*Asks:* 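Before I ask anything, here is the structure I am working with.
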Protein chains: 4
Amino acid sequence: MSESSQKSRKVVVRKAPSQSRSKEKVQNILAAAKSLLASEGLEKLTTNRIAKLAGLSIGSLYQYFPNKQAIIHQLYSDWLQSVRELLREYQASDLEGETPVSIMQTMMDQIYRPHDLDPEESRYEAELNKAMHLYPELQAIDHRHARQIAGILADILRKTGVVATDDVLFQLGLYSYELYGSYEAMLQHEGTSPGLIYEWQKQGLFSIIESYTKK
Amino acid sequence: MSESSQKSRKVVVRKAPSQSRSKEKVQNILAAAKSLLASEGLEKLTTNRIAKLAGLSIGSLYQYFPNKQAIIHQLYSDWLQSVRELLREYQASDLEGETPVSIMQTMMDQIYRPHDLDPEESRYEAELNKAMHLYPELQAIDHRHARQIAGILADILRKTGVVATDDVLFQLGLYSYELYGSYEAMLQHEGTSPGLIYEWQKQGLFSIIESYTKK
Amino acid sequence: MSESSQKSRKVVVRKAPSQSRSKEKVQNILAAAKSLLASEGLEKLTTNRIAKLAGLSIGSLYQYFPNKQAIIHQLYSDWLQSVRELLREYQASDLEGETPVSIMQTMMDQIYRPHDLDPEESRYEAELNKAMHLYPELQAIDHRHARQIAGILADILRKTGVVATDDVLFQLGLYSYELYGSYEAMLQHEGTSPGLIYEWQKQGLFSIIESYTKK
Amino acid sequence: MSESSQKSRKVVVRKAPSQSRSKEKVQNILAAAKSLLASEGLEKLTTNRIAKLAGLSIGSLYQYFPNKQAIIHQLYSDWLQSVRELLREYQASDLEGETPVSIMQTMMDQIYRPHDLDPEESRYEAELNKAMHLYPELQAIDHRHARQIAGILADILRKTGVVATDDVLFQLGLYSYELYGSYEAMLQHEGTSPGLIYEWQKQGLFSIIESYTKK
DNA sequence: AATGAATGAGGATTCATTCAT
DNA sequence: AATGAATGAATCCTCATTCAT
């Protein structure tokens with residue numbers, strides 16, 4: 001199960017199977033944008049460069065996306081969706097016998113792992129996050145997604161025994177989700193040790209969660 | 001994205017602010033940039049607007065700063081310095097009787113407080129952080145400062161009883177410092193409760209610190 | 001989504017032409033735009049060509065006008081103002097002994113004349129009119145000016161003995177003004193004889209006016 | 001201004017609409033263009049939108065029309081033809097007992113009427129007129145048509161008793177025709193009263209015609 | 001014949017930076 | 001030293017038209 005959901009994390013690739021030519025082009029564009037974001041950063045992300053890297057003309061690019069923001073939004077949205085889907089699997093799964101800490105640990109292991117394996121992925125997500133802040137219009141979407149994720153996390157926490165008001169549960173979900181964002185940010189700094197930070201993040205979060213758990 | 005046309009540039013102050021007249025102009029420029037950053041965000045931060053708000057000509061601005069990056073760098077550097085100085089005071093103070101947690105609590109209260117009191121300050125620091133990420137050249141400087149702060153924190157932690165290798169101590173300092181950055185980021189999201197987040201940040205960090213403390 | 005990016009635009013002059021240098025540049029730009037409009041038509045009127053013909057860079061052009069519309073608006077506004085001022089002189093003058101027809105005849109002779117003398121002027125005004133229709137935002141201004149002119153004409157007609165309700169007087173003023181627009185349009189057609197058309201325009205208008213005059 | 005990239009082009013129909021299938025497609029295209037012109041204006045009239053609304057592909061559209069201008073030309077040409085045919089009926093009819101004024105009155109009532117009944121038609125013709133001015137190549141064709149119509153009108157006027165040289169008669173025909181164009185333009189302005197304008201147009205024209213009539 | 005994806009020149013606009021005065 | 005007009009490369013985006021399938 002952990003294997004299959006590992007795959008479902010990469011929604012971008014999952015959609016790739018060439019159902020239609022359109023879908024493939026869209027994927028090319030997204031892949032190009034992702035690649036530029038990871039390799040050169042947000043500053044160098046121009047529509048013309050994306051088109052060139054995707055192997056099509058600028059005009060074609062605009063046949064698939066109405067504007068630059070839409071590309072970034074899709075990238076971000078895809079990523080958020082993959083996280084949401086992963087969390088939903090856990091939410092829907094049999095949580096019998098799981099403690100809040102045990103389930104969070106499992107989920108974090110799965111979500112944080114790619115950063116250790118692939119620094120590109122790490123840079124990519126950090127740049128994506130940056131971009132999100134630069135386009136105010138996209139923040140609303142970000143918030144909506146974030147709230148959904150927070151809701152799922154809150155539900156999982158509640159089901160596994162965390163006792164708190166709905167609002168605190170929701171805040172806890174939001175906090176957990178945003179903690180992941182800060183993890184990404186930290187990895188961008190040189191000199192930080194991913195392993196240690198990961199452990200500390202878990203330890204800190206678990207300490208908080210446990211304080212809301214009935215004994 | 002106006003920042004995309006940036007090239008490698010020197011980021012040092014062009015003119016040592018030795019004369020008081022000069023010092024004043026430099027301060028005006030920095031204050032204007034800070035104000036614009038806090039009120040309108042990074043996207044609206046143009047050199048022309050800074051000059052206008054600072055009450056001098058764009059030509060004069062370039063007599064005090066070689067380029068836009070240098071202004072942002074100075075702003076960031078000033079902020080880091082204030083943090084460093086604050087921490088150095090603690091470092092130099094009599095830490096007798098303090099536990100790692102007690103001293104961290106004191107320092108965090110002092111550093112985090114402005115965000116509760118002044119949302120402008122919060123926005124300002126978040127935008128500053130964004131800018132830092134957008135100018136790759138500035139990141140190296142950021143890292144140097146961060147390492148200094150981490151070193152101070154490591155020293156304080158060691159003096160107050162944290163037991164770990166030098167490297168782990170340093171990582172712990174770095175982690176503590178970066179946790180603050182993530183706090184700023186979280187506050188930018190709607191729907192988050194500053195009070196709760198602050199408490200959780202502390203609780204998480206203290207939990208980690210305590211695990212490195214001899215009993 | 002791309003459709004929605006249309007925004008209201010300011011159509012005022014960005015920089016008050018208070019200093020003579022500025023004034024001169026503004027005039028250069030307007031003259032260049034006018035010249036292009038007259039010689040090549042609206043299709044070839046691009047900001048870059050205006051700048052080049054005006055002898056300055058595209059960047060400079062945008063220091064004097066916030067956008068292309070503003071240039072066209074200024075051109076149109078200037079022309080309307082000259083007409084308004086001319087009419088106001090008549091309005092303020094001693095109309096004793098004048099009949100509606102005699103005063104209209106005098107004014108029309110003065111306003112229509114440039115077309116006979118200068119075909120460039122004729123083409124220019126026709127293109128300007130075309131442009132006005134292409135920019136919806138400018139139509140509101142057009143209407144406001146038109147109403148002012150209509151008001152002045154109505155006043156002149158009333159003072160010189162036309163008897164009608166205020167509304168009809170106003171409509172008559174509007175009609176007289178718009179008749180001039182149609183004169184411009186007709187001149188653009190080959191094979192038309194300006195002299196005849198002018199006489200007919202007058203004859204038609206006078207016939208209408210006289211039917212509202214007490215005998 | 002998308003039209004600015006236009007170059008000299010043939011404006012004839014590429015394919016004679018001899019087969020009924022073809023004829024239908026051509027009509028679909030023209031109807032779509034007309035509809036877009038009336039509802040959204042010239043600026044929003046793109047070949048791709050026309051094709052979509054006509055229910056065929058952009059490629060097919062270009063099988064029936066060599067370029068965008070040709071479509072507009074056909075639209076304009078069709079409209080002119082309908083006017084021509086209407087006038088020809090009068091020209092061919094028994095004009096015994098008709099005065100120039102009575103016959104013009106009858107014709108104008110018939111031609112002007114649609115504007116009162118259908119504001120869409122009014123907008124359509126105004127946009128068509130605008131388009132005509134934007135494509136210099138089309139003006140020559142416009143003039144040819146206009147001359148034909150002027151010739152018919154001149155003939156009708158002569159037959160019903162207007163006495164003037166052939167040239168003046170022709171000019172009078174042209175003037176009458178163009179007066180209609182100005183009527184359309186006036187209707188686009190807010191605040192004008194169609195009824196009054198119509199009456200005034202007639203009154204003005206009749207006054208001119210009568211001055212060329214033997215008593 | 002039909003399709004519609006692909007093209008890319010061209011347009012409006014911005015803004016960091018320079019330099020003549 | 002101070003000024004601020006001037007620069008122009010660079011960016012996002014449009015749309016008439018073509019052509020491989």
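Because the structure is a prediction, the values reported are computed rather than measured. A, B, ... follow the sequence lines: proteins, then strands. Residue 1 opens every chain.
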*Asks:* Starting from C1' on E/dT13, measure out to CG on A/Asn67 and report it in whole angstrom.
*Replies:*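 After rounding, the gap between these two atoms is 17 Å.
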
*Asks:* With a 4.5 Å cut-off on side-chain heavy atoms, are A/Asn48 and A/Leu61 touching?
*Replies:*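 They are not in contact (no side-chain heavy atoms under 4.5 Å apart), so the answer is no.
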
*Asks:* For DNA chain F, whose closest nucleotide is more 5', that of A/Gly59 or that of B/Leu61?
*Replies:*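 Taking each residue's closest nucleotide, the earlier one in sequence belongs to B/Leu61.
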
*Asks:* The side chain of B/Lys68 lies closest to which of these nucleotides: F/dT3, E/dA6, E/dT17?
*Replies:*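 Minimum distance to the B/Lys68 side chain belongs to E/dT17.
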
*Asks:* Pick base, sugar-phosphate or nothing for A/Ile58, based on heavy-atom distances below 4.0 Å to the nucleic acid.
*Replies:*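 Since a base atom lies under 4.0 Å of A/Ile58, the category is base.
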
*Asks:* Please confirm whether the shortest side-chain N or O distance from A/Tyr64 to OP1 or OP2 of E/dA6 is below 4.0 Å.
*Replies:*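 Yes.
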
*Asks:* Closest approach of D/Arg123 and D/Ser39, non-hydrogen atoms and distance?
*Replies:*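 Distance-wise, the nearest heavy atoms are NH1-O, 3.9 Å.
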
*Asks:* What is the separation between atom CD on A/Glu43 and atom P on F/dC12, rounded to the nearest whole Å?
*Replies:*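 That distance rounds to 13 Å.
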
*Asks:* Could you tell me whether D/Lys130 atom NZ has more than 12 heavy atoms of other residues or ligands within 6.0 Å of it?
*Replies:*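 Result for NZ/D/Lys130: enclosed.
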
*Asks:* Checking contacts here: which listed nucleotide (E/dA16, F/dA2, E/dG11) is nearest the side-chain heavy atoms of C/Thr46?
*Replies:*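 Shortest atom-to-atom distance from the side chain points to E/dG11.
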
*Asks:* Starting at atom CD1 of B/Ile72, determine the distance to atom C1' of E/dA16, rounded to an integer number of angstrom.
*Replies:*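 Taking CD1 of B/Ile72 and C1' of E/dA16, I get 12 Å after rounding.
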
*Asks:* Figure out the CD1/P separation between A/Ile29 and E/dA6, and round it to whole Å.
*Replies:*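 After rounding, the reported distance stands at 9 Å.
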
*Asks:* Considering just the side-chain nitrogens and oxygens of B/Gln63, establish if one lies under 4.0 Å of OP1 or OP2 belonging to F/dA2.
*Replies:*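 Answer yes for this pair, as a side-chain N or O of B/Gln63 is under 4.0 Å from OP1 or OP2.
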
*Asks:* For C/Asn48 and for A/Gly55, locate the closest nucleotide of DNA chain E by heavy-atom distance; then report the residue assigned to the nucleotide nearer the 5' terminus.
*Replies:*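 So the residue in question is A/Gly55.
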
*Asks:* Is there a side-chain contact between A/Thr47 and A/Tyr62 (heavy atoms, below 4.5 Å)?
*Replies:*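 A side-chain contact under 4.5 Å exists here.
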
*Asks:* Is any side-chain nitrogen or oxygen of B/Thr47 closer than 4.0 Å to OP1 or OP2 of E/dA16?
*Replies:*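 Answer yes for this pair, as a side-chain N or O of B/Thr47 is under 4.0 Å from OP1 or OP2.
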
*Asks:* Check whether B/Glu127 reaches the backbone of B/Leu42 with its side chain - one donor and one acceptor, N or O, closer than 3.5 Å.
*Replies:*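 Flag set: sc B/Glu127 to bb B/Leu42 pair under 3.5 Å.
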
*Asks:* Is there a donor-acceptor contact under 3.5 Å from the side chain of D/Lys44 to the main chain of D/Arg49?
*Replies:*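 No; zero donor-acceptor contacts below 3.5 Å.
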
*Asks:* Under 3.5 Å for both pairing distances: what stems, at least three Watson-Crick or G-U pairs long, include DNA chain E?
*Replies:*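 DNA chain E forms these stems: E:2-21 with F:2-21.
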
*Asks:* Figure out the CG/P separation between B/Leu53 and F/dG4, and round it to whole Å.
*Replies:*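 That distance rounds to 16 Å.
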
*Asks:* Is there a side-chain contact between A/Ser57 and the phosphate of E/dG8, meaning an N or O under 4.0 Å from OP1 or OP2?
*Replies:*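 For A/Ser57, the contact criterion (side-chain N or O under 4.0 Å from OP1 or OP2 of E/dG8) is not met.
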
*Asks:* Roughly how many Å is it from OH in A/Tyr62 to C1' in E/dT7, rounded to a whole number?
*Replies:*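 After rounding, the gap between these two atoms is 15 Å.
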
*Asks:* Under 4.0 angstrom, heavy atoms only, what part of the nucleic acid is B/Lys44 near: base, sugar-phosphate, or nothing?
*Replies:*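 B/Lys44: no heavy atom of the nucleic acid under 4.0 Å.
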
*Asks:* From CG of A/Leu56 over to P of E/dT7, roughly how many Å is that when rounded to an integer?
*Replies:*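 Going from CG in A/Leu56 over to P in E/dT7 covers 6 Å.
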
*Asks:* Rounded to whole Å, please give me the gap between CD in A/Glu24 and P in E/dA5.
*Replies:*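 Computing the A/Glu24:CD to E/dA5:P distance gives 13 Å.
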
*Asks:* Are a donor atom and an acceptor atom from the side chains of B/Asp78 and B/Gln74 found within less than 3.5 Å of each other?
*Replies:*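 A pair is found: one side chain offers a donor N or O, the other an acceptor, under 3.5 Å apart.
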
*Asks:* Any side-chain N or O of B/Lys52 below 4.0 angstrom from OP1/OP2 of F/dG4?
*Replies:*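 Answer no for this pair, as no side-chain N or O of B/Lys52 is under 4.0 Å from OP1 or OP2.
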
*Asks:* Would you check, one step at a time, whether the test side-chain contact (heavy atoms from CB on, under 4.5 Å) holds for B/Leu56 with B/Ile29?
*Replies:* CA-CA 9 Å; B/Leu56 40 68; B/Ile29 293 167; 4.2 Å; yes

